[in-house]
Protein chains: 2
Amino acid sequence: MKSVLDQIRPDNDQANTCPIRDVLDRIGDQWSLLVLATLDPGVKRFSQLEREIGDISKQMLSKTLRRLEQDGFVAREVHAEVPPRVEYRLTALGRSFLEPMRGLIRWAEANQAAIVAARRRA
Amino acid sequence: MKSVLDQIRPDNDQANTCPIRDVLDRIGDQWSLLVLATLDPGVKRFSQLEREIGDISKQMLSKTLRRLEQDGFVAREVHAEVPPRVEYRLTALGRSFLEPMRGLIRWAEANQAAIVAARRRA
DNA sequence: CAGAATCCTTGCCGATACTG
DNA sequence: CAGTATCGGCAAGGATTCTG
C-alpha cells in the first residue's frame with residue numbers, strides 16, 4: 001500500500017505539481033468549500049449566495065466563484081435579461097468532490113471534541 | 001440526509017465554531033498535512049522532518065509541529081541527551097485523521113486531470 | 001540538534017466605489 | 001443585479017541569527 005506521503009510530497013519530480021496539494025490549495029482557502037456546500041442543494045444566484053453565506057464580501061465571492069468555475073467545479077449561466085440574472089450550479093465534478101469530503105466532515109464532527117480537549121490541555 | 005451545508009456554515013449558532021471549518025483551518029495551511037503525511041510511516045526527528053520535507057523553513061516546521069501537538073495530532077518526546085534529540089510521532093487521533101484523508105487523496109489523484117483540463121479550457 | 005526571536009516581504013482579503 | 005477596480009491593513013511565512 002502506498003503511503004500517504006508519496007502522494008503529498010510537492011516535488012516527486014520537478015515540474016509536476018502534486019495533485020493533493022493542488023486540490024487542497026483550492027479547497028483550503030477561506031471560502032471555496034463553503035461556496036461548494038452552499039451550492040450543494042441546487043442552483044443559486046450571485047446575490048443569493050451572498051446572502052446565504054452572509055459574511056463573504058462581493059469580491060471574494062466573485063473571485064472564489066471564478067476559480068471554482070475555472071477548475072470545473074461550478075458552472076455559470078448568464079441569462080440575457082434586465083436586470084441580469086446569473087446562476088451557479090455544481091458540475092458533476094463538483095458534486096463528486098463533495099463525496100469524499102463527507103468522510104472528512106464526519107471525522108471532524110466525531111473528533112472535534114477530542115481536538116478541543118487536547119487544545120485545552122496544552 | 002443532512003446536507004453538506006448544514007455542517008459547514010460558520011454560524012449555525014452564535015459562539016460555537018463549525019467543526020469542519022475548524023479542522024480545515026488547521027489542515028488547509030501550507031504545511032500541516034505534509035507534516036502529518038511525513039510522520040505517517042513512523043517516528044521522526046526534527047531535522048529529519050526538515051530534510052525530508054525539503055522546502056520548509058525551521059520556523060514553519062516548528063510552528064506547525066507545535067500546533068499539531070496542541071491539537072493532539074502529534075506527540076512530542078524529548079530525550080535528555082547531548083546533543084538533544086526530539087522525536088515526533090502521530091497520535092491515535094493523528095492516524096485516524098489520515099483515514100478519511102485517503103479518500104480525498106484518491107479523489108484528487110483520480111480527478112486532477114479533469115481539473116487541469118478544465119483550467120486549460122478556461 | 002532543536003528551537004526561539006527578529007526582521008521583512010508578500011499577498012490575502014475586507015471595505016468601498018464604480019460600471020453595464 | 002452582478003460584478004470589476006482600487007486602496008489599505010494585517011497576518012502568513014521565508015531568511016537569518018542566536019541560544020541551551
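As a basis for the values below, the full set of heavy atoms in this structure was taken, side chains included, without hydrogen atoms, waters or symmetry mates. Since this is a predicted model, take the numbers as computed values, not measurements. In the text below, chain A, chain B and the rest are named by the order of the sequence lines, each starting its count at 1.
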Between [N] atom [atom2] and [X] atom [atom1], what is the distance in whole Å?
X      : N       : atom1 : atom2 : answer
I53(B) : dG14(D) : CD1   : P     : 11 Å
H79(A) : dA2(D)  : NE2   : P     : 10 Å
K58(A) : dC7(D)  : NZ    : C1'   : 18 Å
K44(B) : dA2(C)  : NZ    : C1'   : 17 Å
W31(B) : dG14(D) : CH2   : C1'   : 10 Å
M60(B) : dT9(C)  : CE    : C1'   : 15 Å
E50(A) : dG14(C) : CD    : P     : 12 Å
R76(A) : dC1(D)  : CZ    : P     : 16 Å

Of all the choices, [options], which nucleotide is nearest to the side chain of [X] once you look at every atom?
X      : options                 : value
F46(A) : dG3(C), dC13(C), dG3(D) : dG3(D)
V86(B) : dG13(D), dG3(C), dC1(C) : dG3(C)
S62(B) : dG3(D), dA4(C), dG13(D) : dA4(C)

Given dC1(C), is OP1 or OP2 found less than 4.0 Å from the side-chain N or O atoms of R45(B)?
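Checking dC1(C) against R45(B), no side-chain N or O comes under 4.0 Å of OP1 or OP2.
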OP1, OP2 of dC13(C) versus side-chain N and O of S57(A): anything below 4.0 Å?
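So the side chain of S57(A) is outside the cut-off, no N or O lying under 4.0 Å from OP1 or OP2 of dC13(C).
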Cluster check [X], [Y]: I/L/V/M/F/W/Y, side chain < 4.5 angstrom:
X       : Y      : value
V78(A)  : V43(A) : no
M60(A)  : L36(A) : yes
V116(B) : L93(A) : no

How is E81(B) classified with respect to the nucleic acid when contacts are heavy atoms under 4.0 Å: base, sugar-phosphate, or nothing?
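The answer is nothing, as E81(B) stays clear of every strand by at least 4.0 Å.
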Would you kindly compare I56(A) and Y88(B) by the position of their nearest DNA chain C nucleotide and give the one closer to the 5′ end?
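Its nearest nucleotide lies further toward 5', so the answer is Y88(B).
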Looking only at N and O atoms, is any donor in the side chain of Q59(A) or the base of dT6(D) less than 3.5 Å from an acceptor on the other one?
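Counting by modelled atom types and ignoring angles, a donor-acceptor contact under 3.5 Å is found here.
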Is the Y88(A) ring parallel, tilted or perpendicular to the F46(A) ring (thresholds 30°, 60°)?
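The rings of Y88(A) and F46(A) sit tilted, inter-plane angle from 30° to 60°.
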Looking at L34(B), is its backbone amide N or carbonyl O close enough to the side chain of T38(B) to form a donor-acceptor pair, meaning the two atoms are under 3.5 Å apart?
yes
